[in-house]
Amino acid sequence: MKGKFIAVVVAAIFSVVLAGSAIAEDINAYMGTSPDNNAKIAKFIKDKTGITVNQTFQSFGEIEARMKAEAPNFNADMVIGCGSSTGFLAKKSGWAVPYVSPAWKGVPEVFLDAQGNWYNIANFSFVLVANKDRLAKAGYKMPESWKDLTDPKWKGEILMPSPLSSGTANMMRFSFLALYGDDDGWKFIEALDKNIAYYTRSGNAPTDLVGRGEFILGITSDENVKKRLDDGYPLLWSIPKEGT
Amino acid sequence: MILKGTKKLDACKKIIDLLGGQEFSDLMAAIGYVTPRPAPNALYGKTLPKYIKLDLGKASDDKAKNNDIWKQKLRTDFK
């Protein structure tokens, strides 16, 4: 009887070990949302599927540069969170494994590639942030137009990410060129440059630096703005009248 | 996006499937993103931003050209 009991226990343990090994999957992913948000996404995936996502955080621009350098032998299984330009480039270059997921049925077509090369898991926009305290101390109001940012009074007080490293900044630049046209768009960008203190590597960085009061204004990704407001940073945010 | 050469295709497909569901949109909207499936947005509320009309394919195609112009006209250092 005792021998039978031990056999059953051993069999049960063996089954558990087998089941455990069957679900202990992991994948490597390049993830381009903010570190906080990457962690939330990875936890969600782990909780719901048991799959561990070994993530490498890089800015959107760095992910695209890395993919160009590594293709066609990538060091990751997936990209979770990248700029739209990277999705288009991956499709055109044959870097993605097409998979038409039935779970995305009913989602508006702007959020997915019909051949399943990429899926847009969420849109972010760029916004203007200001440090409430420093804005009040300077006696300035929140700018209402993107063009207001070229006023010399803002010299050295604006941050934005560099499009040479940040996919978010690439979209900012492309949006200004689309808004004003190529010639006037570049004139606007050059005028804005005169007031930029420096360009940040990551699209989110201006949110934190402005939130800490190091600069008055930042053109930044909106993805961390809610989190920083919740954290108590003295931030104001807006989308100037021309849009984002 | 699943990358060519992966040996974990089934796991990648499971993740793609998961991210297409309402629960993931709810998570992302609670952070402040605009999501594939409608969900209450923590940053924008019910009124979504006014968007500048963009050709995203052109944004991708023009990136290298615009970086070259940027390097000619503007500062190239960043922190």
Side-chain angles (χ1 to χ4, degrees), chain A residues 25 27 37 40 44-45 48-49 51 72-74 76-79 82 84-85 87-90 94-97 99 101 103-104 107-108 111 117-125 162-165 170-171 173-175 178-179 186 190 193 198-201 222-223 225-227 239 242-244, chain B residues 1-25 27-39 41-44 48-63 66-67 69-71 73-79:
Chain A
E25 293 176 285
I27 64 139
N37 294 344
K40 284 180 187 169
F44 179 79
I45 293 169
K48 298 295 176 183
T49 66
I51 299 168
N73 301 305
F74 301 104
D77 302 292
M78 294 187 80
V79 178
C82 66
S84 56
S85 68
F88 283 92
L89 182 64
W95 296 343
V97 179
Y99 167 57
S101 166
W104 282 71
V107 166
F111 282 95
N117 287 279
W118 53 261
Y119 293 87
N120 179 353
I121 58 172
N123 277 342
F124 68 90
S125 302
S162 169
L164 303 182
S165 63
N170 178 51
M171 292 311 296
R173 180 181 61 191
F174 188 74
S175 298
L179 183 65
W186 280 112
E190 285 181 88
D193 178 65
Y198 63 83
Y199 294 92
T200 64
R201 179 180 296 275
D222 65 2
E223 67 172 346
V225 173
K226 174 70 171 60
K227 170 85 168 63
I239 294 177
E242 299 91 338
T244 179
Chain B
M1 179 195 316
I2 303 171
L3 292 174
K4 281 267 168 74
T6 179
K7 293 181 173 60
K8 299 181 176 176
L9 189 57
D10 287 344
C12 294
K13 286 180 176 178
K14 274 186 210 168
I15 291 172
I16 297 271
D17 290 346
L18 177 71
L19 303 188
Q22 183 64 51
E23 204 174 346
F24 184 67
S25 279
L27 171 77
M28 296 302 274
I31 298 171
Y33 291 95
V34 176
T35 50
R37 297 192 185 278
N41 186 284
L43 184 64
Y44 296 107
L48 294 181
K50 175 184 173 184
Y51 291 115
I52 297 167
K53 196 173 178 183
L54 298 178
D55 177 345
L56 295 176
K58 190 171 188 304
S60 175
D61 292 344
D62 288 358
K63 186 176 177 181
N66 287 334
N67 277 349
I69 297 172
W70 183 281
K71 287 173 190 169
K73 290 177 180 282
L74 301 159
R75 287 170 285 167
T76 56
D77 58 315
F78 49 82
K79 300 184 191 179

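Just so we're on the same page: letters track the sequence lines, and every chain starts at 1.
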Discussion item. Apply side chain to side chain contact (heavy atoms under 4.5 Å, CB included) to residues A:I45 and B:F24 and explain how you reach the verdict.
Written reply: CA-CA 9 Å; A:I45 293 169; B:F24 184 67; over 6 Å; no
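- For the residue pair B:M1 and A:G87, the shortest heavy atom distance occurs at CE-CA, 3.8 Å.
- A:P72 touches chain B through its backbone: at least one of N, CA, C or O sits under 4.5 Å from a heavy atom, while the side chain does not.
- Residue contact with chain B, scored on non-hydrogen atoms closer than 4.5 Å, involves the side chain of A:R173 exclusively.
- For B:P36 against A:P108, the heavy-atom pair with the smallest separation is O-CD, 3.4 Å.
- The CD1 atom of B:I31 sits 4.5 Å away from the NZ atom of A:K40 when rounded to the nearest 0.5 Å.
- The line from CH2 of A:W186 to CG of B:L74 is 6.5 Å long, rounded to the nearest 0.5 Å.
- Annotation: side chain of B:L18 is in contact with side chain of A:F44 (closest heavy-atom distance under 4.5 Å).
- Taking A:V225, A:N120, A:N37 one by one and counting their heavy-atom pairs under 4.5 Å with chain B, the maximum is reached by A:N37.
- Residue with the most contacts toward chain B among A:V107, A:L164, A:D222: A:L164 (heavy-atom pairs, distance under 4.5 Å).
- Contact annotation for A:N170: only side-chain heavy atoms (C-beta onward) come within less than 4.5 Å of a heavy atom of chain B.
- Scanning all heavy atoms of the two residues, the minimum distance from A:A122 to B:M28 falls at CB-CE, 4.0 Å.
- For the side chain to side chain contact (heavy atoms under 4.5 Å, CB included) criterion with A:I121, the lone passing option out of B:L19, B:T35, B:I16 is B:L19.
- Contact count against chain A (heavy-atom pairs under 4.5 Å) is highest for B:N67 among B:D77, B:T6, B:N67.
- Both the backbone and the side chain of A:T244 come within contact range of chain B, judged by heavy atoms closer than 4.5 Å.
- Heavy atoms of B:S25 lying under 4.5 Å from chain A are absent altogether.
- Heavy-atom distances place the backbone of A:E242, and not its side chain, under 4.5 Å from chain B.
- Residue contact with chain B, scored on non-hydrogen atoms closer than 4.5 Å, involves the backbone and the side chain of A:Y199 alike.
- With a 4.5 angstrom heavy-atom cutoff, A:Y99 touches chain B only via side-chain atoms.
- Atoms CG and CE, on B:L56 and A:M171 in that order, are 5.0 Å from each other to the nearest 0.5 Å.
- The line from NZ of B:K63 to CZ of A:F174 is 12.5 Å long, rounded to the nearest 0.5 Å.
- Between A:S125 and B:Y51 the shortest heavy-atom distance is OG-CE2, 3.4 Å.
- Heavy atoms of A:N117 lying under 4.5 Å from chain B belong exclusively to its backbone.
- For the atom pair CG of B:L3 and CG of A:N73, the computed distance is 11.5 Å after rounding to the nearest 0.5 Å.
- Taking chain A as the reference chain and counting heavy-atom pairs below 4.5 Å, the highest number among B:L27, B:T76, B:D62, B:I69 is found for B:I69.
- Between the CG atom in A:L89 and the OG atom in B:S60 there is a gap of 5.5 Å [rounded to 0.5 Å].
- Sorted by first then second residue, the salt bridge (Lys or Arg N to Asp or Glu O under 4.0 Å) pairs that include residues 3-12 of chain B, not counting sequence neighbours, are A:D26-B:K8.
- In terms of heavy atoms, B:C12 sits closest to A:I27 at SG-CG2, 4.5 Å.
- Here the side chains of A:S175 and B:L54 are in contact, with some heavy-atom distance below 4.5 Å.
- The two residues A:E25 and B:A11 make their nearest non-hydrogen contact at OE2-CB, 3.6 Å.
- Only the backbone of B:K53 comes within less than 4.5 Å of a heavy atom in chain A; its side chain stays farther off.
- Judged by distance alone, the side chain of B:R75 and the main-chain N or O of A:D193 form a donor-acceptor pair under 3.5 Å.
- Looking at A:I239, the atoms closer than 4.5 Å to chain B (heavy atoms on both sides) all sit in the side chain, from C-beta outward.
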